[in-house]
Asks: 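Just dropping this structure here.
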Amino acid sequence: MKEKVNMKNIFWALIFAVCFPISVFYLSEYSLSVPIALLIVAINALLFGVYAFKQMQSVKSLDEVQIRIQLEAVSIAFVLSLLLIMVLGMLGLVKDSGLDNLNYLYVFPLFFLFYFVGLFISKRKYR
């Protein structure tokens, strides 16, 4: 049962991981009509929403230690994400820093990286 739930999460994560960069590429490189662009954005939001919903549902099948590991991983990722946004926001206020045109869309994948860093730290702690 747990492996089946895990495979579904991986499936939805992979679908989102493939569609998101393709969508960003098309939105940034091609001049799409507004309805098509909004449809692409909506599809990505829906895919991410389904993945997030499936991920939250899968927590029900975890034991207490695994839940603690996930909670710590998310906590670490949250703190690192806040730190990143704070630093980038403050650097954006610095004149001639070159970060005034930074697209935060490229920061988005770092949040997933922060989660995996938190997961690595948490798993090592509970071994």
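Note that the coordinates shown come from a computational prediction; the quantities given were computed from them, not determined experimentally.
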Asks: If you round to the nearest 0.5 Å, how far is CG of L71 from CG of L62?
Replies: 11.5 Å
Asks: Suppose we screen for side chain to side chain contact (heavy atoms under 4.5 Å, CB included). Which residues come up paired with S81, at least two apart in sequence or across chains?
Replies: F111, F114
Asks: So which residues get pulled into F53's cluster when ILVMFWY side chains under 4.5 Å apart are joined, directly or through others?
Replies: none
Asks: CD1 of I85 to CE of M90: how many Å apart, nearest 0.5 Å?
Replies: 13.5 Å
Asks: To the nearest 0.5 Å, how far apart are CD1 in I76 and CD1 in I121?
Replies: 4.5 Å
Asks: Between S122 and A73, what is the shortest heavy-atom contact and its length?
Replies: OG-N, 3.5 Å
Asks: Report the C-alpha separation of L113 and L80 in whole Å, then their side-chain angles, then the decisive distance to 0.1 Å, and conclude whether the side-chain contact (heavy atoms from CB on, under 4.5 Å) test is met.
Replies: CA-CA 10 Å; L113 175 67; L80 290 174; over 6 Å; no
Asks: I'd like to check F11 versus I15 (side-chain heavy atoms, cut-off strictly below 4.5 Å). Are they in contact?
Replies: yes
Asks: Do Q66 and K123 come within less than 4.5 Å of each other through their side chains, counting heavy atoms only?
Replies: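 Not touching, per the 4.5 Å side-chain cut-off.
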Asks: V65, V74: one ILVMFWY side-chain cluster at the under-4.5 Å cut-off?
Replies: yes
Asks: With V79, which residues qualify under side chain to side chain contact (heavy atoms under 4.5 Å, CB included), at least two apart?
Replies: none
Asks: Please tell me whether Y26 and L39 are part of a single hydrophobic cluster in this structure, the criterion being side-chain heavy atoms less than 4.5 Å apart.
Replies: no
Asks: List in chain and number order the residues that pass side chain to side chain donor-acceptor pair (under 3.5 Å) with Y126, two or more places apart in sequence or in another chain; answer none if no residue qualifies.
Replies: E72
Asks: Give a yes or no on whether L91 and M86 share a hydrophobic cluster (residues Ile, Leu, Val, Met, Phe, Trp, Tyr; joining criterion: side-chain heavy atoms under 4.5 Å apart).
Replies: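 Yes, L91 and M86 fall within the same hydrophobic cluster.
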Asks: Who are the ring-ring contact (aromatic ring centres under 6.0 Å, His included) partners of Y115, not counting sequence neighbours?
Replies: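 Counting only residues at least two positions away or on another chain, Y115 forms no ring-ring contact (aromatic ring centres under 6.0 Å, His included).
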Asks: Rounded at 0.5 Å granularity, tell me how far NZ in K125 sits from CZ in F120.
Replies: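 Going from NZ on K125 over to CZ on F120, the span is 14.5 Å.
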Asks: Hey, is CZ on F112 packed in by over 12 heavy atoms from elsewhere, all under 6.0 Å?
Replies: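 Atom CZ in F112 is packed in, count exceeds 12.
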Asks: Minimum heavy-atom separation for V107 and L84, please, with both atom names.
Replies: CG1-CD2, 3.2 Å
Asks: Could you tell me the separation between the OG atom of S23 and the CG atom of L32, rounded to the nearest 0.5 Å?
Replies: 10.0 Å
Asks: Say you draw a straight line from CG of L46 to CD1 of I43; how long is it, rounded to the nearest 0.5 Å?
Replies: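 It is 8.0 Å, given to the nearest 0.5 Å.
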Asks: Mind checking what makes side chain to side chain contact (heavy atoms under 4.5 Å, CB included) contact with F20, not counting sequence neighbours?
Replies: F16, V24, N44, L105, F108
Asks: Looking at F25, is its backbone amide N or carbonyl O close enough to the side chain of S28 to form a donor-acceptor pair, meaning the two atoms are under 3.5 Å apart?
Replies: yes
Asks: Going hydrophobic residue to hydrophobic residue with side-chain gaps under 4.5 angstrom, can you get from L110 over to Y51?
Replies: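 The answer is yes; both residues are in one hydrophobic cluster.
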Asks: Establish whether I40 and Y30 are linked, either directly or via other cluster members, by ILVMFWY side-chain heavy-atom contacts under 4.5 Å.
Replies: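 I40 and Y30: one cluster.
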